[in-house]
Structures are given as structure tokens and as C-alpha cells.
Amino acid sequence: MSLDPATIRRIASLARIRVEEHEVETLQTELNSILGWIEQLNEVNVDGVEPLTGGARMAMKMRDDVVTDGGYPEKVLANAPDRNGDFFAVPKVVE
Amino acid sequence: MGYAIEGSTGTWEVVVGLEVHAQVISNAKLFSGSATAFGAEPNSQVSFVDAAFPGMLPVINRECVRQAVRTGLGLNAHINVVSHFDRKNYFYPDLPSGYQISQYEHPVVGAGVVEVQLADGSTKQIGVTRLHLEQDAGKSLHDQHPTKSFIDLNRAGVALMEIVSEPDIRSPEEAGAYVRKLRSILRYLGTCDGNMEEGSMRADVNVSVRKHGEPYRTRCEIKNVNSVRFVMLAVEAEAQRQIEVWESGGTVQQETRLFDSARGITRPMRSKEDAHDYRYFPDPDLLPLVLDEAWIEELRLALPELPDARQARFMREYGLTAYDAGVLIAEKETAAFFETVAKGRDAKIAANWVTGDFFAALNRTGGSIENPPVSAENLGKLLDLIADNTINGRIAKDVFEAMLGTGKDPASIVDEKGLRQVTDTSAIDAAVAKIVAANQDKVAEYKSGKDKLFGFFVGQTMKAMAGKGNPTLINEALKKALS
Amino acid sequence: MSQLTDLTIVQARDGLRAKDFTAEDLTLAHLSAIEALNPRLNAFITVSHSQALDQARAADKALAAGEQLALTGIPLAIKDLFCTAGVRTTAGSKILEPFVPPYESSVTANLLRDGAVFLGKANLDEFAMGSSNMTSAYGPVENPWKRRQDANAVLVPGGSSGGSAAAVAARLAMGATGTDTGGSIRQPASFCGLVGVKPSYGRCSRWGVVAFASSLDHPGPFARTVRDGAILLGSMAGHDPKDSTSADVPVPDYEAACARGVKGLRIGVPAEYRSDDMPGEIEALWRQGLDWLRAAGAEIVDVSLPHTKYGLATYYIVAPAEASSNLARYDGVRFGSRRDGEDLRDLYERTRAEGFGPEVRRRIMIGTYVLSAGYYDAYYLRAQKIRALILKDFTDVFAHVDALLTPTAPSAAFAQGENMDDPIKMYLNDVFTVPANLAGVPAISVPAGLDANGLPLGLQVIGKVFDEETVFAVAAEVERAAGFTALPSIRAGG
């Protein structure tokens, strides 16, 4: 599976990373080289193997339904690059 | 038979599936400890977890899981002992982490069924495909500033149950009935308040059309429809639109649309034009959700009586018709109101009063069942006054009007206004004698066989007694006087 | 006073107790070492001078009151991936340049609870993605060790926890925190002649640690001795209800485990870690390590971990996939840098293109691709299955042996600029360390010898999940036998 320039642009767009036209070829070479190297995994017989989803092997603990957090809008907003009152602000989105 | 739309090329069938997002009733959010209350100041119910600050991690709220399982049980659905949480990846400013934690391949609840009742008296089973838990997004406000959108994350991370139906729905009526029934079940369970105006229940409506006997055609998804009426209107509008597209030689494109309630049409959603590739994968910050079978059983045993069971019981216990029972159980609060009124009384009379005068008063006063113009206790006392002959049915209507909004006990109104029924036979005999004497011509007609005039004498006597005469005693006295 | 910086944590603890010096003396000695050497080494991105002194004074007060906790007054470096309340946390990235967390990570909170002093935030590869510290937006870190033959070459400290390793090696800190996703503690420990501990998955909370790959990220310590490493891990570890993947298991006395010895232990030698291109001196050191353990009473057993060779490629699917999602939150909306654009989408794309360096962008793109529609099964799902096979390899061998001994890295520290032409060459640095991350089992790198150039080489001890005690026991035996006393050329008071 080899990535063409259109796929590079599509991935970049999905990942919301701006890619300039002149960067596409370099990225294509680099990503194809990594993916080509990863192809070695096709040698492994994985028939009937259950995928391992995470690092831990136990059941999930649940917490109690108690309000223990929040209530500090100033802290939540303190790092915001743009805000308006107690809202985060972004360029207008049209729905 | 059934619902169909006549187009220029023939008859079309509508196929609808619904994804209902129901906000779980819980104190805290699904994966964080911040509050869920509606209407708080912007970003005041937001933790660093909800705002997806670096290094923040989700921890699941047991109550949200419990509510999802209870809802599954209430939908007669299979509960999955092991389920998983996945990330649905997309960028949007009200989705702080860039992914929504949801359940994709392994939801907590599997297949179930909802039975709806239709206006023609028939019932229909609508299949439920699954129910899964997921996080709500925050709120974007686009109309507060000329060039900016504002983001409030109070809702971000609140637990939602997404309840997905099979494409079993075939008309706007069925779509409406399904949403109403689902809302009723959720409210009975206390797992969602079903308040569509506040957005705690919203529906994504999947609509397609086809000719009879065809396989499914392309569907469109109408997002975030927020009332039962709009669900019905959106189905109709979207079906009409699709039929026009097909019949004009076009092809319906699979897309996400919005229902414009002001214009009664659907239109494509611009902001989500992006080809959907959500890159679902298991959330590595969470572990499999493993439920204890005994716990599920415990929840099953503790479920409250649900709408279907209550309707059956009302029919059985109170001798009500399916229709009356259906009306009374639709809202849990109404059912409870009725049961308070009916307790120890004639249930049919209670049902007539609740669905008749009481509902009319509710509509007229704009009141709600939670805050009724007449309490169930007082309405019951009113029925007692009729039953023990303190007042007659006619006077009861006046007493009821006088009770509205006052919180007054009916007996005190009867006493204050001197509405107590007259059962003194000598008073009745005197009134009857007066009427008979004043209407000798009518007496003659009656005696010559014009039986219908009996009602005239009853009316005149009652009028003379200011409506307070006991109707049975008046009848008896008249019969004697006219024989 | 400069010799204070040469003390181990155990020695400093004793000295503080004996009132030979104060915590303030100890912290000042390290702060002045930082002042002298950090401009060259670039081990710290942020030095929290006044906060460190406040903490040291508080430690002195506690000591005066007779209260000495595990780390009272011990000055440490904190990898700049751990969020520290009120102290800027960059993750080595431009995108977090202005970010000041309002919260303290659980691991650093544990260290503070035990009296530690934080000198500052240590440099690292951007978002912990790298094996050389060359991807940091705050510049590379110089390894304090020098090649005998080529003393002018500037060597890398390894990565991603390169600043932590350089700081501890150069005596700018007595210990440090790191994170190990594919070898990011053990490989720099090997390159800098240190002990680096990657505990079991779930042993140290990830809460408040900027995430790279959630299922692979392991916080852990750097120290100059195995016993110091045990003390640090003992403080850092423990169940955290704020991290769903944190294990609710008791934390044993790791320091005591260091003295257990290896008599009667069965030590496995995985055949698959041998290869023809392994440098002779590394293979020799490995054999030497096995001899030391045998001499100390352990039984050496040949074992097989058949899927080892697929570990690295598996890692380079799983880690970028998780990273592509974990790093989606850096969008310029709520915190961090923003670059304005024509509209929201343009803002996102410019913010992320300019905020992330090339290696991070590359990994996000690989991760996005392997999760995308149509490729998920071929890449991500397959990788998860192979990950299951790798875990099974470990489970199978640990039915027969107590621990494994392997080299930590395929080479000693290389020079800045080397291995930069091809990402895969850089990735190969982690070939011996990645399997333990995929399986979540504990592993320690312990300095065992020098190569012909006088550069340190580490051996890796891998153990059963949650059996760090045996790993400490074996590592302590290797340390005892190796008698590693070599010192880096660049160091405080050196």
C-alpha cells in the first residue's frame, strides 16, 4: 500500500495539519518508507488472535456519582488564546 | 395500506430509523466530576478533564452505567456484560479533545423492542438496534458576535444514551409515536427527563423513500431534531424532498441535513461537509466495562412498573378501555395523579373526570401535571361528595371550577356557597307541587301520552331548587305527582 | 560544597538526617551546577530557582522538626511532560510554549508529598517522540559523556527523556522523572551511564502527564544507583483513582528488594535479541552480565520470544495511532499557541502545522492513516493482534524464568546529526526496549560497562508484570558486579 499525493493531502486534512505543496513529495517519501517497513507485519499469522487493546489487563473501576470538580471557569479560561467573557472564542463557524 | 405518498411516478413508502440522544440523569458527568445541571453560567461546570487539558484522563461514573443498563432493561433489551469505549475522532471547537468517547463496536446494550400505539388502535413493534453510552459535546454559540463563535463547555462530557432504532418506522405518525413512547419509558425509569426543549433529548432522523417491494434507497440524516412535532414534520418534509429528487431524475446523496422549523424544510449542513472518517479505535485511557450479572439482575428486579405494564394493569384493575388507559399512563405523573384520584373510588368516574374536566382545565390554565390547578386529593374529595349525595353531578362541575387554582377543599366550597344537595322530600314535594300547578297545560299533554315532557318537569324543578335537588328524589316525586 | 552534587540519594538522605548539610545547601549546590552547565547541556527548559529554594527551606524546617520522608530535601529534575502547577509545561513543543498548568500531575504530587525539591523542567524530544532529544523545540541536549577518541563530537543523551538523563549524569540533579513509551527512559539511561526504571504499566499514574501513546506511556525514574531508583519509584508509584488504567495493587518496598540477591533465580536469555549486526562489545557485555548473575547464584536459561522482531513495527502503528488522537486537543482553542487563519479550519491547520515539529507531524499523519477508513484492519487491528502475541511470548517465558537479561540499546550514544537522515534508523534504537512497553512488563536499564570509546553501555533486566522487586534485585546484582565507577567528562565539580 503506497500513498499517493492525494492521500497525503487527505490525511493532512483529516489531521488538520497544513501541508504546503512543496512538502507533499518529501512527506510521501518518508511515510511510504515507514509504511513499507511496517509491511513486515504481514508475515505474521494472526488467525484467531484476539487483539490486545490496551496496556492494562483488568476490569474498569467506576467512580461514585458525586460532583467533585469544575466550578472554576477562570482557571479553565486562563490559558485561552482568545476568549470573550466566560466563553472561549474562535472564528465564526457557519452551520 | 398504511402511510404512503403519491408521487407522479407512483406510490412511495417512507423508511425511517431514529437515533435518539437522551441525556442521562446523573449528578456528575460521564467521565469527570463536574456538575450536569442545566442553565449554569458559561464554563462554570467544566473541569480540566472536560476541557481536555494535557494529561487529563477519564474515569467512568457508575450511575451513568447503571442508568444505561436500567434503560436497556426497560427496552426489553439484551445487556452486554462486556462492552468497550472507543474514540470517534473529529475536529470541532465544542469537542475539546478532538474525539468523542463513545461505544462503537461493543455497546453496553444490544437489541430490544418498543411497542407503539397508533391512532387507528393498532400497535406496532419498533426494533431497537442498540443503546450505547457516549459524551455530549459542548455548545457553540454562533449568533453572539459578528465574526466569532463562542464556546461553552458546560455540556461537554455529560452522559448521553444513544438509542438506535431499526429502520422499522414507516410514517411520520409512527416516528412521533416512537419518540413519545421512548420518552415515556425513559421518564418512568427516571433515566432521562425527556425535556426536548432544553435539549436533554434530541433525535437524529434517518429518512429514505422507496417504491413498494424495493430494497432500501439512499438515506439522509436529519440532525438534532428537538421536538416530537418537528420529528414528524421533518420526516414528511424530507420524504417529499427525496421523492421530488428521484422523480425529477436525480439521485439522493447520502448527507447530513438540518430541519428548518420556520420554513418546514430540511437543508444540508454546511459545517460537516467534510468526508466523514471518524477513525474509531478503542480508547486506550479506559478499560473494558465489565458488568456483574448479579448487579444487572438486581437492577432488573428493582425496575419500576413501566408504561406497557401500567396500561395493562389500568385496564385490568380499573376496567378502563385501552384508549383511556393509554392516555392516563403516557406520562408517569398523570398515571400517579389518576391513581390517587381513583383510589377507593369508582375508577371509571375518576378516569372520566381526569381525562375530561381536569385535562380541559389543565389546557385552559396552562398548568402542568406536576403543578396542577386542582390536586389529586381534592379532586378525589369532590368525587366523594358526589358519591355520598352531598352534591349532584351538575353542581360538582361548578365546585370544580371554584376549586381551580385556589387549593380549596371542595366540601368548604359547597358549604360556603350553600351548594349542598337537597334530599328533604317535603322540600322536593313542595317544589314539584308548585311546578305542576304552574304548568297544567303541560301536565295534560303529558298525561295524554307525551312522555318526553317528563324531562321538562325535571328541569323546571331543578331550576326552582337552584340546581341543588337530588335528581333521583325529584324523579320519584314527579312520577308520583304526575300519575 | 560542589561535592554535594556527587552524593547518591541514599547518601544525601543520611547526610540530611545527620545534619552534615542542609536541604538548602544541597539545592543551592545543584542550582549553581545548573547555572554553570545548563547553558551548554541544555538539559533544562525551565529552571524553577525560587520555587526550589522555597521547597528546600520547607524541607529544612521539616528536618528540624524531626520529620524526614523518603525524599525530604532531595533535588530532582522533572521531565517537561509532567504537568506542574504554576510552572510552565511545554512537552518540548512550540504548541505548548505558553502553557502553565493549573494542576500537578499525580506522580510529581507524590514526589512533593514525600518532600522532594523540584529544580526545574527537563528537556525532551517533542511530545516524547524521539530517541535523541533532537526533536525538542527547545534545542538539543548534549550528552555529558565524551568519546575518548573524538572529544569534540557532541553526543546525544538519547531520548525522549534526554534532558532528565543528562541532568542526572552531569550531577545537575540527584534523580529525575522520565516517561518511557518505547524506551524513552531506558535508552537515555544506557547512553548516559544511569539507572533507568520503566515500571509495569499501571504502576505509576499517567494523570497529569502529557500523553503520547496512552497504552504505552510509563512514567518512571532516573537515578545514579539502583537503590536510588528504587527509592524514587517507591514514591512515584501507587494506585490513582484519577487514572482508570492505574493498578490497585500495593507498592512493595523496592529499596529492600535491591538487597535480595539473585540466588536461585532463573534468568532467561532471549535468543531473538541476538543478531549478527550487534556490536561485539555489546554482545560481550551481555555475556559478561550473564556470567555475573550465574556467579551470584542465578541459573541462566535460554528462552525464546518469537515475535520480538515485530515489536518495533507494531509499536510504530500503535503509538502513532494513539498519538494522532491524543494530540488532537492541541488546536489553539483552549490553551497553548494559536496561529490565526482565514477561518476556523485554517486556524487549526496553521496552528498545528507551525506548532508541531516535523517528527510529531509525521507520526500524527502515520497514525491518522493507519486508523482511517479502509486501512484500520490492515494496520491497527493487525498490530493489536501482534501485540497480543508479543504479550503471550512474555507470559509464556515468565512461566519458566523470573527475569530476562538483554542489552538495553543496540549502540552507545551517537553524535548529534547521526541517524537523522532516515526516521527508521532512529526508530531502530528502541528495538530492545519496545517489547516491554507493548507487554506492559517492568524493565530496568543498569550501567554495566564502557565501549571502546569510553561510553557507557547498559544492560536491561525485564521482569514479570508487577514484579519490579525481582527486577530491582537482579539489576542491583548487575550493578554490584559491574562496579561501574566511570564518570562523564562534563559534570558539576568535574
Side-chain angles (χ1 to χ4, degrees), chain A residues 1 3 7-8 10-20 23 26-27 30-31 33-58 60-64 69 72 74-83 88-94, chain C residues 98-100 102 201-202 214-216 241 244-245 247-248 307 309-310 313-314 316-317 324 328 331-338 340-341 343-350 352-353 356 361-362 364-366 368-369 372 375 378-379 381-389 391 422-424 437 440:
Chain A
M1 281 179 259
L3 306 186
T7 310
I8 297 287
R10 186 176 63 83
I11 299 168
S13 154
L14 267 178
R16 296 292 188 277
I17 294 175
R18 185 183 167 90
V19 169
E20 306 294 343
E23 295 171 310
T26 317
L27 270 170
E30 285 171 352
L31 299 194
S33 133
I34 295 168
L35 289 169
W37 170 70
I38 284 172
E39 297 278 296
Q40 59 174 295
L41 296 183
N42 293 336
E43 297 166 14
V44 185
N45 179 0
V46 294
D47 293 349
V49 178
E50 272 300 305
L52 181 65
T53 51
R57 288 167 293 279
M58 47 196 181
M60 184 158 60
K61 281 182 183 273
M62 298 191 251
R63 53 166 237 281
D64 291 336
D69 211 345
Y72 40 73
E74 205 37 58
K75 282 187 184 175
V76 164
L77 287 149
N79 276 284
D82 188 15
R83 61 185 280 189
F88 294 101
V90 296
K92 200 177 191 74
V93 183
V94 184
Chain C
F99 179 61
V100 179
Y201 187 80
S214 312
S215 78
L216 296 159
S244 299
T245 63
D248 193 1
H307 297 90
K309 70 175 281 204
Y310 301 109
T314 301
Y316 274 95
I317 292 175
S324 72
D331 58 4
V333 175
R334 297 164 313 284
F335 45 77
S337 321
R338 167 188 289 196
D340 287 320
D343 54 20
L344 177 70
R345 193 189 177 101
D346 197 39
L347 178 151
Y348 280 157
E349 294 191 346
R350 286 177 190 274
R352 291 165 60 79
F356 293 138
R361 292 203 300 266
R362 199 151 46 222
I364 290 176
M365 289 190 60
I366 287 281
T368 302
Y369 179 68
S372 68
Y375 300 99
Y379 289 112
L381 191 63
R382 172 167 281 266
Q384 281 188 318
K385 289 180 178 174
I386 298 173
R387 187 174 181 183
L389 293 172
L391 172 63
D422 175 4
I424 295 168
N437 295 78

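A, B, ... follow the sequence lines: proteins, then strands. Residue 1 opens every chain.
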Could you walk me through whether A:Val90 and C:Arg338 satisfy the side chain to side chain contact (heavy atoms under 4.5 Å, CB included) test, starting with their C-alpha distance in whole Å, then the side-chain angles of each, then the deciding distance to 0.1 Å, before giving a yes or no? CA-CA 10 Å; A:Val90 296; C:Arg338 167 188 289 196; 4.0 Å; yes
Set out, in order, the CA-CA distance, both residues' side-chain angles and the distance that settles side chain to side chain contact (heavy atoms under 4.5 Å, CB included) for A:Val76 and C:Arg334, then state yes or no. CA-CA 8 Å; A:Val76 164; C:Arg334 297 164 313 284; over 6 Å; no
Let me see the working for C:Tyr369 and A:Leu3 under side chain to side chain contact (heavy atoms under 4.5 Å, CB included), right down to the final yes or no. CA-CA 10 Å; C:Tyr369 179 68; A:Leu3 306 186; 3.1 Å; yes
Is there a side chain to side chain contact (heavy atoms under 4.5 Å, CB included) between A:Asp82 and C:Asp340? Walk through the geometry before answering. CA-CA 10 Å; A:Asp82 188 15; C:Asp340 287 320; over 6 Å; no
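Top candidate by heavy-atom pairs under 4.5 Å with chain A, chosen from C:Asp343, C:Ile364, C:Val100, C:Leu347, is C:Val100. If you tally non-hydrogen atom pairs under 4.5 Å between each of C:His307, C:Lys309, C:Arg350 and chain A, the highest count goes to C:Arg350. Of the listed residues (C:Thr245, C:Leu389, C:Val333), the greatest number of heavy-atom pairs within a distance under 4.5 Å of chain A belongs to C:Val333. Interface summary for chain A: among C:Tyr310, C:Phe335, C:Tyr316, C:Tyr348, the most heavy-atom pairs under 4.5 angstrom belong to C:Tyr310. Your options are C:Gly202, C:Pro102, C:Gly332, C:Ser324, and the one with the most heavy-atom pairs under 4.5 Å with chain A is C:Gly332. Chain C forms more heavy-atom pairs under 4.5 Å with one residue of A:Asn45, A:Ile17, A:Leu31, A:Thr7 than with any other, namely A:Ile17. With chain C as the partner, the residue from A:Gln40, A:Lys75, A:Met60, A:Lys92 showing the most heavy-atom pairs under 4.5 Å is A:Gln40. Chain A forms more heavy-atom pairs under 4.5 Å with one residue of C:Arg362, C:Met365, C:Glu349 than with any other, namely C:Glu349. Between chain C and the residues A:Arg10, A:Glu20, A:Arg18, A:Arg63, the largest count of heavy-atom pairs under 4.5 Å involves A:Arg18.
In this structure, the portion of C:Asp346 lying under 4.5 Å from any heavy atom of chain A is its side chain and not its backbone. Of the two parts of C:Pro98, only the backbone, made up of N, CA, C and O, holds a non-hydrogen atom closer than 4.5 Å to a non-hydrogen atom of chain A. Using a 4.5 Å cut-off between heavy atoms, C:Asp422 contacts chain A through its side chain alone, with no backbone atom that close. Residue A:Ser33 touches chain C through both its backbone and its side chain, counting heavy-atom pairs closer than 4.5 Å. For A:Glu23, the part sitting under 4.5 Å from any heavy atom of chain C is the side chain, from C-beta outward, and nothing else. Heavy atoms of C:Ser372 lying under 4.5 Å from chain A belong exclusively to its side chain. If you measure heavy-atom distances from A:Arg83 to chain C, you find no contacts under 4.5 Å at all. For A:Ile8, the parts sitting under 4.5 Å from any heavy atom of chain C are the backbone and the side chain alike. Heavy atoms of C:Ser214 lying under 4.5 Å from chain A are absent altogether. Heavy atoms closer than 4.5 Å to chain A are found in both the backbone and the side chain of C:Leu344. Using a 4.5 Å cut-off between heavy atoms, A:Leu27 touches chain C through its side chain atoms alone. If you measure heavy-atom distances from A:Ala78 to chain C, you find no contacts under 4.5 Å at all.
Contact of the A:Ser13 side chain with the C:Arg345 side chain is registered, since non-hydrogen atoms from C-beta on lie closer than 4.5 Å. Counting only heavy atoms from C-beta outward, the side chains of C:Asp248 and A:Met58 never approach each other to under 4.5 Å.
C:Arg382 places a side-chain N or O within 3.5 Å of a backbone atom of A:Val44 that can act as its donor or acceptor partner. Looking at A:Arg16, its side chain never comes within 3.5 Å of a backbone N or O of C:Arg352 through a donor-acceptor pair.
Closest approach of C:Ser215 to A:Thr53, counting heavy atoms only: CB-O, 4.5 Å. Of all heavy-atom pairs spanning C:Gly336 and A:Pro81, the tightest one is O-CG, 3.5 Å.
To the nearest 0.5 Å, atoms OG1 (C:Thr368) and CG (A:Leu14) are separated by 6.5 Å. Considering CG of A:Leu41 and CD1 of C:Ile386, their distance stands at 4.0 Å, rounded to 0.5 Å.
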